[in-house]
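These notes are about the structure you will find just below.
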Number of protein chains: 2
Amino acid sequence: MSKVEAKRAFSSKKADAILSAALQEFSAHGFTAATMSQVAATAGVSKATIYSHFDDKENLFVALVKKMAQQKASTPFWEQMLQGDPRKVLPLLLSKALDTITSDSTLLAFKRLIIGESGRFPKLAQIFVCNMSKPSLEILSQYLATQPYLKFADPEATARVVVGTIVYYTQMQEMLHGKEIIPMDKERLVATLVHMVLSSAEPLQSEDSP
Amino acid sequence: MSKVEAKRAFSSKKADAILSAALQEFSAHGFTAATMSQVAATAGVSKATIYSHFDDKENLFVALVKKMAQQKASTPFWEQMLQGDPRKVLPLLLSKALDTITSDSTLLAFKRLIIGESGRFPKLAQIFVCNMSKPSLEILSQYLATQPYLKFADPEATARVVVGTIVYYTQMQEMLHGKEIIPMDKERLVATLVHMVLSSAEPLQSEDSP
DNA sequence: GTCTATAAGTAGATAGAC
DNA sequence: GTCTATCTACTTATAGAC
């Protein structure tokens, strides 16, 4: 990659270090409580260097969210898992999704940040929705809509129920520290959700008798 | 109520005004960005008066959350709605719940605040879960478990799916400003969710043939 | 109990040396 | 391009008058 291209993509060694530090600091303390001095220290640069790369604190925050949005929009993983019989695929997928989401504490803190600042930075919340929520809903909805032996009356709405259940569970248990207050076994939830999804579909034609 | 009782309940005219102002300011700007000067101005008192009622800023925040938790834990409304045939009750209840949640912008901002600060104030997040989330789940779970003509394999998990769907929808559409990005008609979601809940239950015995 | 005035500290942002 | 040193504004919290 040429120097010009690197410049166009806003990526340099220092800038990356700054954005990485910004992720840490903003996630840990929130937008306002995070200080430019601490971001500089974590990034191993001076404050002045930050200001030479980013206009101001707000701008740094915007750049961070945009970077995370395009980086974490890794849908290919889900797409390759969503193939085959829902009775086999859904339990595995949802179980795996729950494990992945609950174990990524960096992403957890980042989501706290986005939601917490969504009132003051609506545009950034929309970037998050556009790049991270929308693709998940669309991929799952698409999968449900194209099942050969199952007819879902409203695949889009069904996808909302599925994703909503997963997201709500992780928010309650992990994000809001509700594990001990409202305990719920992960597999119980997955089993119930899968059962609800499958029983709501009409069998389109018997797969045993062609 | 005697003066002593009023004191015991930590309620005085000034303290109430301060807590009310704190709700506004913290909700609008977040914990750190909200200033004690602005809280004082909104409450119509001086900063020193705030510090005579509450030890410090953090303490004021804690007092606010505790007050909101006991005030907004208004379950009696839902309890009286949850009576009768689920096929009639659930559509009405869920539709009403969505309307109520999406229209209360004060509560919306407060939830942003709780989630945003849940990393730095885990205890407050737990108070929220304990007083606002847990009761909803329990009441709905109880209702599902006691249906005479429907047998739910796991009422608790089913309640998670229902509440999760509702909460996720309001978070996406309202909290994160996703209305135009991922539009979804409210009634479509309710219809699909109700269908999924009912179709997942086993008919316990015919209600037409006793 | 409540206010005015102020102390003490820290934030974001920049000027100028290298 | 990056750093050190600094400026200005604002924050929490309090001391002392009423």
Side-chain angles (χ1 to χ4, degrees), chain A residues 1-65 113 116-117 120-121 124, chain B residues 2-65 113 116-117 120-121:
Chain A
M1 185 187 276
S2 74
K3 278 182 183 177
V4 174
E5 282 171 331
K7 185 82 182 185
R8 261 202 334 122
F10 296 103
S11 64
S12 74
K13 277 256 175 70
K14 296 276 187 191
D16 282 348
I18 293 167
L19 284 170
S20 174
L23 174 60
Q24 275 186 245
E25 296 302 321
F26 284 135
S27 294
H29 306 108
F31 173 74
T32 306
T35 72
M36 296 298 265
S37 297
Q38 193 56 52
V39 172
T42 302
V45 300
S46 72
K47 266 195 287 186
T49 300
I50 299 182
Y51 282 99
S52 81
H53 286 266
F54 306 92
D55 289 344
D56 54 18
K57 192 185 185 184
E58 204 168 301
N59 214 284
L60 173 61
F61 184 43
V62 173
L64 169 65
V65 174
L113 180 64
E117 300 298 339
R120 295 167 291 278
F121 296 94
L124 295 187
Chain B
S2 74
K3 276 183 184 177
V4 174
E5 281 171 333
K7 185 83 181 185
R8 258 200 338 120
F10 295 105
S11 63
S12 74
K13 276 258 175 69
K14 296 276 186 190
D16 282 347
I18 293 167
L19 284 170
S20 175
L23 174 60
Q24 275 186 246
E25 296 302 322
F26 284 135
S27 294
H29 306 107
F31 173 74
T32 307
T35 71
M36 297 297 265
S37 296
Q38 193 55 51
V39 173
T42 302
V45 301
S46 72
K47 268 191 287 185
T49 300
I50 299 182
Y51 283 98
S52 81
H53 285 265
F54 305 92
D55 289 345
D56 53 18
K57 192 184 183 183
E58 206 168 300
N59 214 285
L60 173 60
F61 185 44
V62 173
L64 169 65
V65 174
L113 180 65
E117 301 297 339
R120 292 166 295 274
F121 296 94

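Here is the naming used below: chain letters follow the sequence lines, and residue numbers restart at 1 for every chain.
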From [atom1] ([X]) to [atom2] ([Y]), nearest 0.5 Å:
X     : Y     : atom1 : atom2 : answer
A:Q38 : A:Q24 : CD    : CD    : 9.5 Å
A:L19 : A:I50 : CG    : CD1   : 10.0 Å
B:M36 : B:L60 : CE    : CG    : 5.5 Å
A:L23 : A:T42 : CG    : OG1   : 11.0 Å
A:H53 : A:D16 : NE2   : CG    : 10.0 Å
A:T35 : A:E25 : OG1   : CD    : 6.5 Å

Name of the residue among A:L124, A:D56, A:D55 meeting side chain to side chain contact (heavy atoms under 4.5 Å, CB included) with A:V62: A:L124

Pull out every protein N or O sitting under 3.5 Å from an N or O of nucleotides 4-9 of chain C, one pair per line with the distance.
none

Is a side-chain donor-acceptor pair under 3.5 Å present for A:S46 with A:T49? yes

Residues in residues 25-43 of chain A with a heavy atom under 4.0 Å of DNA chain C, by number, are A:A34, A:T35, A:M36

Report the relative orientation of the aromatic rings in A:F31 and A:F61; use parallel for angles under 30°, tilted for 30 to 60°, perpendicular for over 60°. tilted

Look only at the side chain of B:K14 and the backbone of B:A43, and say whether a donor-acceptor pair between them is shorter than 3.5 Å. no

Mind listing the residues from residues 49-63 of chain B sitting with a heavy atom below 4.0 Å of DNA chain D? Number order is fine. B:Y51, B:D56, B:K57

